[in-house]
Q: 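Structure incoming, see below.
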Amino acid sequence: MTDSVMRIGALYPDLLGTYGDRGNAAVLAERLRVRGIPVEVVTVLADDAVPASLDCYVIGGGEDHAQTAAAQRLIGSPLVAAYEAGASIVGVCAGFQLLGRTLPGADGIVLDGLGIIDATTVVGATRQVGDVVLEATDPSLGELSGFENHRGVTEVHDDLPPLGHVLHGGVREGVLTDRMLATYLHGPVLVRNPALADRVLSWTTGPLAPIADDIAVELNHALVTRFGNRRSTWLRARRRARA
Amino acid sequence: MLRLSPGLPTRLAQDRVIALVSATNGKSAITTMIGAALRAEGRTVASNIGGANMMPGLVTALAAAPDAQYGILETDEAVVPRALRELAPTVIVVGELSRDQLDRHHEVRKVAALWRSAFVGTSAQFVAPVNDPNVVWALEGQAVDWVELETSAKLDSVACPKCASVLRRTGEPSGWSCACGLESPRPHAVQRGDSLQVGDWRAAGPTVLPGRWQQSNRALAVVASTHLDVSLDRAFEAASTVARVGRRIDTMPITSGRAARLVLVKNPAGWAALIDDLGAGEATLVFVQNDESADGRDPSWLWDVPYERLARRPFVASGTRALDVAVRLRTAGLELVAVEPDPLRALAIAGARSGGDVVVAASYTAYHDIVRRIGRR
């Protein structure tokens with residue numbers, strides 16, 4: 001973080017913004033602003049060069065053709081070097097796939113990814129669509145809510161910790177390291193899961209104080225409760241407090 | 001799902017002129033406007049206004065008016081190939097495609113690909129906007145009256161649908177091209193604000209239906225009507241004076257003579273148009289977002305809408321996804337008045353604030369729930 005301003009790159013929201021993922025960069029910035037921490041969002045459009053000096057790069061999901069165009073632009077961009085130099089990355093859906101070694105592109109071709117994760121993506125038999133609740137691998141993140149809508153199946157070959165496991169199903173989802181979040185979850189994922197958003201920010205800023213009256217926490221609990229098929233202790237506590 | 005007897009759609013469509021209308025937004029309005037143009041000429045029309053735009057809805061509309069000379073049918077995007085095959089339309093109006101309820105609809109380029117293959121070999125006359133690269137690609141090689149519309153969603157047309165390169169924008173509002181050769185066609189008709197030019201003919205004037213996007217809908221409807229032997233003057237006049245689309249209503253009572261504007265908004269393109277329309281006004285916004293199947297289960301798209309343009313405007317978040325709305329609009333800089341899942345209570349909260357205007361923007365099931373409950377009061 002230079003000059004105490006955190007710089008967040010929203011990469012190609014025009015290409016990889018089909019599923020509302022531009023909200024991830026927006027909410028990261030908002031959570032710093034309400035804490036009085038200076039932040040700048042650098043929006044990198046399809047015709048722009050990727051800056052080398054940002055603190056965090058956020059990549060979203062999109063259609064096959066747009067993903068192909070994005071892959072062509074990211075290969076050879078300063079993104080990998082920036083990551084190796086200490087920047088953090090959030091990749092969602094197509095963004096997750098692009099972080100791996102290979103992924104399916106438009107019209108059945110196989111594309112090279114960035115190779116930051118030793119992962120490969122193939123086209124699955126059916127499209128996975130619906131609300132998902134994860135039990136986070138890191139228990140301090142609690143339960144995570146998101147909406148998946150993808151046909152790609154990504155196999156992670158590295159021994160990297162998953163973001164979490166699907167509640168009741170046990171299937172692993174995503175990757176969360178000390179500088180990288182990769183997931184299929186939309187929602188946007190960092191909007192629905194403020195603890196996860198703060199984790200991503202803390203990679204750059206260090207520990208963050210909680211936000212008072214954080215409505216995103218209420219959203220997270222409402223969605224986890226509704227789609228996780230069980231009531232959270234938080235909501236029960238709130239109901240008791242109101243009664 | 002209703003099973004249709006084989007051959008029934010084709011039999012019902014025989015001996016009359018069929019027009020299909022499909023797009024992400026504007027299907028009902030365009031269909032209503034074309035119907036009005038035909039009725040102004042004294043012709044009889046079977047039509048399916050009101051959202052029954054899957055195959056059973058189309059067939060029901062035709063069966064309900066067996067003597068109608070024309071079938072003007074709003075058609076769900078995914079149903080277009082089957083309707084084309086079984087109803088043999090003379091005219092197909094195709095509006096812009098943009099992202100919509102991605103949990104149950106295809107992504108935009110996939111819809112365009114579905115259409116492109118379905119349209120091979122058809123002799124139908126198309127009417128379509130030059131603005132949308134996906135639509136232009138879907139209609140390559142077809143007989144098209146191209147219409148240049150003033151406003152355009154653009155959100156889902158950054159990558160070329162043909163070759164995956166990034167498209168070049170070559171002048172506003174509608175010019176675009178790609179190195180592969182795909183480019184915006186020369187328009188047959190041009191809509192600018194409330195005016196429409198078709199060759200040497202030109203007309204201007206407001207639409208009775210509120211919302212600037214109705215001027216785009218009217219442009220497509222008028223050009224389509226000329227292929228159904230309605231004069232430009234007659235079609236423009238009839239489309240302009242359409243006052244109501246199906247059972248939709250435009251206002252709802254608040255208290256003692258005051259009324260709120262009620263708008264059905266289903267997706268980012270619809271919201272972008274409404275934000276243009278709301279402009280810099282002071283009206284309190286009541287945003288009702290549900291997540292039934294018809295609304296779309298996933299409201300992530302709220303983040304694709306430039307709500308920042310409504311910054312500092314007061315709003316009440318409502319519907320089953322009131323909290324998603326609250327987080328989104330507050331991040332955009334709007335002033336959260338309350339989170340109230342029940343839409344009528346949310347309206348009461350907004351109405352009690354001041355004497356200012358209230359605009360209720362509701363998702364599909366929320367809209368119909370509100371209309372039903374107002375009717376019972």
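Chain naming here is simple, since letters A, B, ... match the order of the sequence lines and numbering starts at 1 in each.
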Q: Could you measure the distance from the CZ atom of R330(B) to the CD atom of E30(A)? Nearest 0.5 Å is fine.
A: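 Reported value, rounded in 0.5 Å steps: 8.5 Å.
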Q: With only heavy atoms counted, which part of L302(B) is less than 4.5 Å from chain A, the side chain, the backbone, both or neither?
A: neither
Q: With rounding to the nearest 0.5 angstrom, report the CD1 to CZ distance, I215(A) to R328(B).
A: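 Spacing of CD1 (I215(A)) from CZ (R328(B)) equals 14.0 Å.
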Q: Heavy atoms under 4.5 Å from chain B: which residues of residues 90-97 of chain A carry them?
A: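 From residues 90-97 of chain A, none sit under 4.5 Å of chain B.
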Q: I'd like to know which of L15(A), T18(A), V27(A) tops the heavy-atom pair count under 4.5 Å against chain B.
A: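 Heavy-atom pairs under 4.5 Å are most numerous for T18(A).
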Q: Taking the side chain as every heavy atom from C-beta outward, state whether D64(A) and R109(B) have any pair of such atoms under 4.5 Å apart.
A: no
Q: R31(A) versus chain B, heavy atoms under 4.5 Å apart: side chain, backbone, both or neither?
A: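 Neither part; nothing is under 4.5 Å.
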Q: Below 4.0 angstrom, N of the basic side chain to O of the carboxylate: do D291(B) and R226(A) qualify?
A: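 Yes.
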Q: Side chain from CB out, backbone as N, CA, C, O: work out which of these in D47(A) comes under 4.5 Å of a heavy atom of chain B, or both, or neither.
A: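 Contact with chain B: side chain only.
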Q: Under the criterion side chain to side chain contact (heavy atoms under 4.5 Å, CB included), I'd like the reasoning laid out for L45(A) against V158(B): C-alpha separation, chi angles, the key distance, then a yes or no.
A: CA-CA 10 Å; L45(A) 298 177; V158(B) 174; over 6 Å; no
Q: Measuring heavy-atom distances to chain A, does V339(B) have an atom under 4.5 Å in its side chain, in its backbone, in both, or in neither?
A: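 The side chain, not the backbone.
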Q: Quick check: do V191(A) and T331(B) have side-chain heavy atoms less than 4.5 Å from each other?
A: no
Q: Of all the heavy-atom pairs spanning F147(A) and R297(B), show the shortest one and how long it is.
A: CE1-CB, 3.9 Å
Q: With rounding to the nearest 0.5 Å, note down the distance linking CZ in R321(B) to CG in L223(A).
A: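 With rounding to 0.5 Å, CZ (R321(B)) is 5.0 Å from CG (L223(A)).
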Q: For E218(A) and L323(B), indicate whether the former's side chain and the latter's backbone hold a donor-acceptor pair under 3.5 Å.
A: no
Q: If you look at every heavy atom in P161(B) and H65(A), which pair is closest and at what distance?
A: O-NE2, 3.5 Å
Q: Measure across P188(A) and S300(B) and return the closest heavy-atom pair with its distance rounded to 0.1 Å.
A: N-OG, 4.1 Å
Q: What part of Y19(A) lies closer than 4.5 angstrom to a heavy atom of chain B: side chain, backbone, both or neither?
A: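 For Y19(A), the contact with chain B is made by backbone and side chain together.
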Q: Does any backbone or side-chain atom of R33(A) lie under 4.5 Å from a heavy atom of chain B? Answer side chain, backbone, both or neither.
A: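 Looking at R33(A), nothing touches chain B.
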Q: Are the side chains of V166(B) and D14(A) in contact, using a 4.5 Å heavy-atom criterion?
A: no
